[in-house]
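Just so it is clear: chains get the letters A, B, ... in the order the sequence lines come, proteins before strands, and each one is counted from 1. Quantities reported herein were computed from a predicted structural model and do not represent experimental measurements.
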2 protein chains.
Amino acid sequence: MSPKQHRGEVTSDLLLDAALRVYAEAGEQGLTVSAVTRASGVSLGSLYHHFGSIDGLVNALLTRWLGRLLGELADAVGQSRDARTGVRALVRAYLGFVQEHPDVSRLLHSSRADRVGMEQGRELRDVQEARMPPLTSWAVRHVERGEIAPLPPALLESLLLGPVVGVSRRWLTVGDVDLDEAARVLPERIWRSIGADGA
Amino acid sequence: MSPKQHRGEVTSDLLLDAALRVYAEAGEQGLTVSAVTRASGVSLGSLYHHFGSIDGLVNALLTRWLGRLLGELADAVGQSRDARTGVRALVRAYLGFVQEHPDVSRLLHSSRADRVGMEQGRELRDVQEARMPPLTSWAVRHVERGEIAPLPPALLESLLLGPVVGVSRRWLTVGDVDLDEAARVLPERIWRSIGADGA
DNA sequence: CCTTTTCTAGAATAATTTTCTAGAACTTAC
DNA sequence: GTAAGTTCTAGAAAATTATTCTAGAAAAGG
């Protein structure tokens with residue numbers, strides 16, 4: 001998959017990379033068709049050939065990066081022994097990703113993501129469905145062992161990720177949070193909320 | 001402030017109401033200048049006279065409703081005795097608002113809100129700064145009394161609202177959550193995470 | 001090679017937002 | 001009550017942005 005990539009794949013990548021670059025520099029508003037073609041050197045026709053629309057391009061970008069994020073989260077819980085260290089690993093992996101890829105995270109969290117996800121989102125949902133199972137089964141396993149409280153999945157997910165997402169959004173927009181401190185403090189706090197009662 | 005409103009105020013309201021109606025029916029994509037002028041019967045020139053841009057209009061709409069939401073949250077905690085019941089009241093007020101105004105909530109939570117908030121957001125931030133203090137001071141008060149753990153404000157806010165926002169977004173988009181159950185279960189869970197240790 | 005398919009290119013078109021000019025409706029001061 | 005100034009309404013024109021379309025180059029498969 002390296003020396004003789006089909007040229008289409010190459011231009012797709014050129015476009016995806018350029019789109020992220022443009023978004024990082026010019027933000028939501030600046031992410032236009034012409035900005036991307038200019039930044040990538042790829043023609044308008046190619047963009048539409050590969051992605052069908054500007055939202056299609058954004059969607060592909062989101063899909064790519066959401067996959068990576070979820071993959072990292074799955075790895076994090078996969079390598080942890082008990083539920084408690086799993087929570088810590090998960091929170092730190094998430095915050096680490098945000099810190100390492102702030103532009104991507106901004107795109108993933110805010111704005112265009114929801115809309116594109118809603119309207120275009122076949123692929124996006126596929127990625128979620130492909131990458132979530134490790135996380136879900138991790139949770140189920142520990143609920144069964146009596147380590148995590150038996151809550152409805154949606155509530156469990158919100159308790160687990162809600163605060164982390166909240167802190168991330170805040171760091172990405174306002175900036176008045178210390179992510180390292182959050183990584184230190186949040187896990188134990190979150191653990192209290194979802195840990196089984198007999199702790 | 002009722003019988004002789006200045007006509008400008010009337011058209012502003014016409015536009016704001018129409019914008020929400022259009023958003024509810026046609027979604028993100030459908031919320032265009034022409035759709036709003038059509039739905040409101042107001043001319044293009046008036047729209048631009050009052051709001052400067054389509055984002056300006058959306059921003060005003062967000063400002064109006066964010067103010068109401070924050071007001072209801074402040075009322076909720078204001079009427080509660082101890083910190084624990086305050087948390088319960090807060091969570092229920094939030095979820096109640098979402099259930100009562102799903103379209104508004106969709107707009108507030110997702111998509112356009114962040115972008116408009118980022119770029120246009122002077123007013124929006126003003127509303128936040130005007131309406132948050134009751135909530136902040138409520139938190140501070142109970143931290144001082146030793147009921148709530150002494151966490152940095154941003155972390156406290158994320159632990160408190162993160163899960164609630166997460167559940168709301170999910171209910172608004174996917175729909176696979178039971179909001180009444182969430183209102184029953186979340187408060188005690190959240191309380192565990194932020195309550196002072198000596199409970 | 002010849003055929004078919006995939007891909008590139010950019011001009012033409014369409015959709016949408018924003019600007020601009022003109023005048024109507026209201027307000028204020030005298 | 002009316003002249004001068006301001007706010008507001010109106011919609012045509014301009015600008016910006018997204019999408020479609022047609023033509024042909026490059027690659028793949030026989």
For residues 132-146 of chain B, which side-chain donor-acceptor pairs fall under 3.5 Å, sequence neighbours excluded?
unit_1 : atom_1 : unit_2 : atom_2 : d
B/T136 : OG1    : B/M132 : O      : 3.3
B/S137 : OG     : B/P133 : O      : 3.2
B/S137 : OG     : B/P134 : O      : 3.2
B/W138 : NE1    : B/H142 : NE2    : 3.3
B/H142 : ND1    : B/E147 : OE2    : 2.7

Per-pair distances, 0.1 Å, donor-acceptor, side chain in residues 33-42 of chain B, under 3.5 Å, sequence neighbours excluded:
unit_1 : atom_1 : unit_2 : atom_2 : d
B/S34  : OG     : B/T32  : OG1    : 3.4
B/T37  : OG1    : B/V33  : O      : 3.2
B/T37  : OG1    : B/S34  : O      : 2.9
B/S40  : OG     : B/V36  : O      : 2.7
B/S40  : OG     : B/T37  : O      : 3.3
B/S40  : OG     : B/V42  : N      : 3.2

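The distance from atom CG of A/L47 to atom P of C/dA11 is 16 Å, rounded to the nearest whole Å. The nearest whole Å value for the distance from the CZ atom in A/F51 to the P atom in D/dT19 is 14 Å. Atom CZ in B/R38 sits roughly 14 Å away from atom C1' in C/dT17 (whole-Å rounding). Straight-line distance from the CG atom of B/L31 to the P atom of C/dT17: 9 Å, rounded to whole Å. Whole-Å rounding puts the A/H49 NE2 to D/dA26 P distance at 16 Å.
Under the rule for a ring pair (Phe, Tyr, Trp, His ring centres under 6.0 Å), B/W171 has no partner lying at least two apart in sequence or in another chain. Residues meeting the salt bridge (Lys or Arg N to Asp or Glu O under 4.0 Å) test with B/D17, sequence neighbours left out: B/R64. With sequence neighbours excluded, the residues that form a side chain to side chain contact (heavy atoms under 4.5 Å, CB included) with B/A183 are B/R92, B/L95.
For A/R84, the CZ atom sits in a loose shell: 12 or fewer heavy atoms of surrounding residues, nucleotides or ligands are nearer than 6.0 Å.
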Under 3.5 Å between N/O atoms: give me all the protein pairs with nucleotides 18-26 of chain C, atom names plus distance.
unit_1 : atom_1 : unit_2 : atom_2 : d
C/dT18 : OP2    : B/Y48  : OH     : 3.0
C/dT18 : OP2    : B/I54  : N      : 3.2

